[in-house]
Amino acid sequence: MSLLEGLTPAQRAAVEHVDGPLLILAGPGSGKTRVVTRRIANLVQQGIPPRQILAITFTNRAADEMRERVEQLLPESHVWVSTFHRLCVRLLRQYGNVVGLDSNFSILDTGDQKLLVRQVLSELDFDPVHFAPDKILWRISNAKNDCITPEMYQRKLEETIGDHMQMVTGKVFERYQQRLLEANSVDFDDLLIHTVTLLSENPELRATLDARHRYVLVDEYQDTNLAQYKIVAALSQQHPNLCVTGDPDQSIYGWRGARIGNIFAFRRDYPEHVVIPLEQNFRSTQSILQVADQLIGHNQKRMAKRLVTENPDGDPPQLLICPDSHQEADAVARQLRDLVETGEYRWSDCAVFYRVNALSRSLEAAFLRQRIPFQVATGVAFYERAEVKDLLAYLRLVHNPSDRSAFLRVVNSPLRGLGKTSQNRLVEWADREGLTLLEACERAKEIPKLSKAAQVKFPVFARMMGELSLAASGSVGELLSSILDRTRFLQQWEAGGSEQDGDKIANVEELVGAARSYDEHAADEISLEGFLEQVALVSDVDSIDRTTGEVTLMTMHAAKGLEFPVVVILGLEEGLIPHERSLREQNRDELEEERRLLFVGMTRAKRRLFLTQSRMRSIHGRTMPTIASPFLNEFPIERVHCDGDEWEFAQPWLEQAEASPPPQEPQLATLLPGDLMSKLKTGADLANGVTQGKVELQSGYAIGMQVRHPRYGIGTVVNLQGMGLNRTVTVRFVDGDRVQDFVSKHAPLQPIGVG
DNA sequence: TTCCCGTCGTTTTTT
DNA sequence: ACGACGGGAA
């Protein structure tokens with residue numbers, strides 16, 4: 001098969017590009033993965049050694065998909081496809097000593113991080129109630145994303161009038177970082193910033209890696225933060241064969257430091273670059289694309305760009321309006337069931353997205369009630385269970401004996417009478433003597449004021465840990481079971497026999513199973529490192545399996561990069577979409593990010609798109625009336641009232657608001673150099689030409705008119721609202737009490753006379 | 001040292 | 001409404 005088969009001219013140009021920097025501006029559904037994988041295959045066909053090609057993604061899922069698709073085109077090619085974080089782990093395992101890390105460093109999860117901040121707070125004598133560890137951690141993480149070191153943070157603090165929280169954060173940051181290094185540990189952000197340091201402070205190493213990875217590809221470039229940007233730049237200096245793909249309209253990670261500007265800066269950074277916009281959408285129907293396009297058109301900071309497709313019109317998107325979240329969930333379940341029962345869709349074709357994870361609950365309940373098979377994208381949940389984390393901490397401690405977080409997690413779990421008091425004495429003494437906690441255990445007798453019992457038990461614990469090793473066990477699975485034996489781990493719950501106890505035992509067994517399957521998979525390259533890395537770097541989205549025949553439930557963030565024939569987006573309400581945090585203090589950028597998020601959600605849909613709005617929603621346990629999302633005024637949509645009669649009360653939130661016209665010309669000229677701008681405008685003009693070709697029809701409906709709908713049968717027009725594009729016609733159908741609004745321009749209604 | 005109970009805060013999104 | 005955390009009792 002030719003690599004160029006079935007491609008548009010733009011796609012073909014991207015696939016054929018070999019040397020030099022390339023920016024692919026890929027709108028949703030534009031066949032980006034297809035183009036990127038074929039381009040990789042083409043590089044190899046042109047004689048470039050696969051080992052010189054490095055593709056970087058954000059999620060494991062994206063990496064797996066890309067790797068698989070490259071393998072299909074080029075079996076046994078072994079192109080390196082990795083996430084940013086894995087890439088960094090790999091570099092740091094090899095060269096981390098330069099930044100003070102031993103190759104067996106541990107990766108802390110958020111729970112460990114929080115605990116560490118708590119410890120640091122207490123060491124520094126700050127009140128953890130007033131200075132919430134979460135918030136401090138958030139600030140530290142933000143600083144790290146911007147490559148700000150503790151010293152820089154402190155210096156900045158001296159120059160400005162920082163608030164109290166900043167001062168505390170500065171102090172905690174410094175000590176936190178020091179503690180991490182002492183424990184030979186890193187947090188997620190460290191993986192990136194240590195790599196940045198590594199590359200910037202070692203010119204020869206940087207040059208070596210630059211030469212080794214001559215062809216670098218970066219997916220979702222609009223979501224890179226400063227650290228990631230620097231890593232990519234460092235690998236593309238002497239050999240700037242850098243290909244980045246992205247779409248500014250799909251930038252949804254600004255809140256965690258992503259800089260949408262990185263994609264605009266590409267031209268500045270690589271003046272000899274080529275830009276290829278992929279604007280044709282192969283995924284969605286016209287009518288879905290139209291609403292998404294109108295929505296995103298309301299963003300001010302944006303490149304002028306239109307979405308075009310040659311796909312059929314399809315069914316118009318609908319807004320399901322429900323009295324409360326319970327009925328909302330039922331309505332969604334019913335809607336999906338209806339679609340599946342037509343035989344046109346399978347459960348696995350359907351997905352439900354929401355802004356916050358909390359919204360999945362009512363849906364899960366409804367799906368259980370109605371016996372609809374579903375899976376929720378929450379992979380981390382398993383690794384967050386206490387018993388699982390404990391066992392993993394044992395592994396971490398075996399692998400990295402200086403891992404303090406792991407030590408403190410397991411030293412008294414299962415309970416062995418080594419409580420807080422004894423632990424504190426141990427830690428204090430170990431710090432004074434400059435020993436690791438395990439070393440201190442062995443010399444427990446020397447610790448002042450330590451109870452007799454603890455003086456005996458600490459060394460016993462240390463001896464047990466000393467006897468555990470991967471070498472002795474042979475495999476991770478075996479190592480785990482010998483940990484289970486030695487610690488009598490399962491005895492904690494075997495006596496109980498309650499349901500929760502059973503769950504815990506089952507979780508432990510599942511982890512052992514995961515370890516054994518890792519052992520098999522890794523074959524002769526079994527390492528504790530490999531297994532721990534695998535579990536440390538999983539994310540929610542990695543757990544979803546498209547082959548199980550189930551409806552998928554996930555956040556809109558997690559949905560990026562996926563597509564489904566049927567998509568439902570829950571909770572189009574102010575405070576939810578857009579999220580209330582983006583509404584505070586008139587933060588326009590955040591509001592635009594919320595709009596992009598909804599845009600991402602909508603553009604996942606191939607054929608059917610449903611939005612929902614519940615008129616009541618309980619938040620923090622209190623049930624409150626909701627306000628419709630302001631975004632609903634930005635595109636026309638059919639409204640379906642999912643409760644029987646309520647519609648007749650002219651509730652203000654039920655009325656079709658005038659859709660506000662999109663602002664004339666998005667202003668982005670300052671961010672966007674002329675060349676790129678003109679190319680994009682051409683595409684936009686083209687798209688405009690297409691839409692302008694359509695003639696605006698007079699609606700031709702009247703109240704009382706009988707109409708026929710291909711799906712819902714015969715009904716009566718009961719209301720008309722709005723003008724022009726947004727003219728809607730409300731029909732009450734004879735069958736099943738259904739009342740529905742149609743955008744009259746698209747309504748598949750056939751007048752059959754006046755009743 | 002552990003366990004139980006009451007109080008408090010908590011919610012964005014993720015590698 | 002729910003879970004985490006802290007304080008007090010066993």
Side-chain angles (χ1 to χ4, degrees), chain A residues 56-63 82-89 107-111 113-115 118 127-130 132-135 138 141 144-145 186-193 195 220 223-225 227-228 251-258 325 353-362 377-381 383-384 386 412-424 451 453-454 457 533-543 554-560 571 575-584 590 593-594 596-598 600-601 617-623:
Chain A
I56 311 173
T57 65
F58 277 83
T59 64
N60 295 309
R61 186 190 63 208
S82 169
T83 64
F84 269 105
H85 292 266
R86 260 177 219 280
L87 166 70
C88 293
V89 168
I107 304 168
L108 266 56
D109 65 25
T110 41
Q113 291 183 58
K114 236 158 70 179
L115 232 56
R118 282 206 120 75
D127 172 19
V129 177
H130 194 195
D134 282 341
K135 290 184 178 138
W138 171 252
S141 175
K144 287 184 175 182
N145 283 327
V186 299
D187 63 22
F188 286 125
D189 303 317
D190 284 342
L191 289 172
L192 301 175
I193 56 164
T195 305
E220 310 279 13
D223 283 330
T224 49
N225 62 28
Q228 288 158 332
S251 162
I252 55 175
Y253 285 109
W255 54 272
R256 71 169 196 210
S325 59
F353 305 152
Y354 31 80
R355 178 65 234 266
V356 294
N357 278 306
L359 286 196
S360 77
R361 290 196 153 227
S362 56
T378 47
V380 286
Y383 293 103
E384 282 189 343
N412 197 31
S413 171
L415 301 173
R416 40 176 82 86
L418 293 169
K420 250 200 193 114
T421 323
S422 307
Q423 286 178 33
N424 284 342
S451 72
K457 288 171 186 162
E533 185 180 314
Q534 192 178 312
V535 300
L537 300 182
V538 289
S539 69
D540 289 355
V541 292
D542 299 327
S543 72
M554 59 169 81
T555 64
M556 277 187 279
H557 281 91
K560 192 167 74 160
L576 222 43
I577 310 174
H579 194 270
E580 57 179 333
R581 288 173 87 114
S582 66
L583 296 170
R584 284 180 203 159
E590 279 187 43
E593 182 157 312
E594 295 287 312
R596 291 195 292 269
L597 184 58
L598 180 57
V600 166
R617 173 101 45 205
S618 62
I619 190 144
H620 303 326
R622 200 89 211 126
T623 304

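Sequence lines set the chain letters: A, B, ... in the order given, protein chains first and strands last, and positions in each chain run from 1.
- Distance, A:Trp138 CH2 to B:dT15 C1': 13 Å, rounded to whole Å.
- Within the 4.5 Å cutoff, side-chain heavy atoms of A:Met554 are placed close to those of A:Phe353.
- What you find for A:Asn225 and A:Asn145 is that their closest heavy atoms are ND2-OD1, 3.2 Å.
- With sequence neighbours excluded, the residues satisfying side-chain contact (heavy atoms from CB on, under 4.5 Å) with A:Glu533 are A:Arg86, A:Val89, A:Arg93, A:Leu537.
- A pairwise comparison of heavy atoms in A:Gly417 and A:Asn412 identifies N-OD1, 3.3 Å as the closest pair.
- Taking for each of A:Asp134 and A:Ala536 the nucleotide of DNA chain B with the nearest heavy atom, the 5'-most of the two is the partner of A:Asp134.
- Between the CG atom of A:Asn357 and the C1' atom of B:dT13 there is a distance of 8 Å, rounded to whole Å.
- Two residues are said to be in side-chain contact when any heavy atoms from C-beta on lie closer than 4.5 Å; A:His557 and A:Trp255 meet this criterion.
- Distance check: A:Glu220 CD to A:Phe84 CZ gives 10.5 Å after rounding to the nearest 0.5 Å.
- We find that CD of A:Glu580 is positioned 12 Å from P of B:dT13, with the value rounded to whole Å.
- At the phosphate of B:dT1, OP1 or OP2 sits under 4.0 Å from a side-chain N or O atom of A:Ser422.
- Aromatic ring orientation, A:Phe188 versus A:His85: perpendicular (interplanar angle above 60°, classes split at 30° and 60°).
- What separates CZ of A:Arg361 from C1' of C:dC2 is a distance of 7 Å, to the nearest Å.
- Listed pair A:Thr421 / B:dT1 meets the phosphate criterion, a side-chain N or O lying under 4.0 Å from OP1 or OP2.
- If you take atom P in C:dA4 and the same atom in B:dT13, they sit 15 Å apart, rounded to whole Å.
- Distance A:Ile577 CD1 to B:dT11 C1': 15 Å, rounded to the nearest Å.
- Stacking annotation: A:Tyr253 is not stacked on the base of B:dT14 (requires ring centroids less than 5.5 angstrom apart and an interplanar angle below 30 degrees).
- Atoms CZ (A:Phe353) and P (B:dT13) sit 16 Å apart, rounded to a whole Å.
- Of all the heavy atoms in A:Ser582 and A:Glu594, the pair that sits closest is OG-CG, 3.3 Å.
- If you take CZ of A:Arg86 and P of B:dT15, they are 11 Å apart, rounded to a whole angstrom.
- Listed nucleotides: C:dG6, B:dT11, B:dT15. Nearest to the side chain of A:Arg118: C:dG6.
- Residue-to-nucleotide proximity on DNA chain B shows that, of A:Ser451 and A:Phe58, the 5′-proximal contact is made by A:Ser451.
- Among the nucleotides B:dT15, B:dT11, B:dT14, the one closest to any side-chain atom of A:Ala358 is B:dT11.
- Going from the P atom of C:dG6 to that of B:dT11 covers 16 Å, rounded to whole Å.
- The shortest distance between the side-chain N/O atoms of A:Thr555 and the OP1/OP2 oxygens of B:dT14 is below 4.0 Å.
- In this structure, A:His579 atom NE2 and B:dT14 atom C1' are separated by 15 Å, rounded to whole Å.
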Every protein N/O lying under 3.5 Å from an N/O of nucleotides 2-7 of chain B:
{"residue": "B:dT2", "atom": "OP1", "partner": "A:Asn412", "partner atom": "ND2", "Å": "3.3"}

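- With B:dT10, B:dT15, B:dT14 as the choices, the nucleotide that has an atom nearest any side-chain atom of A:Lys135 turns out to be B:dT10.
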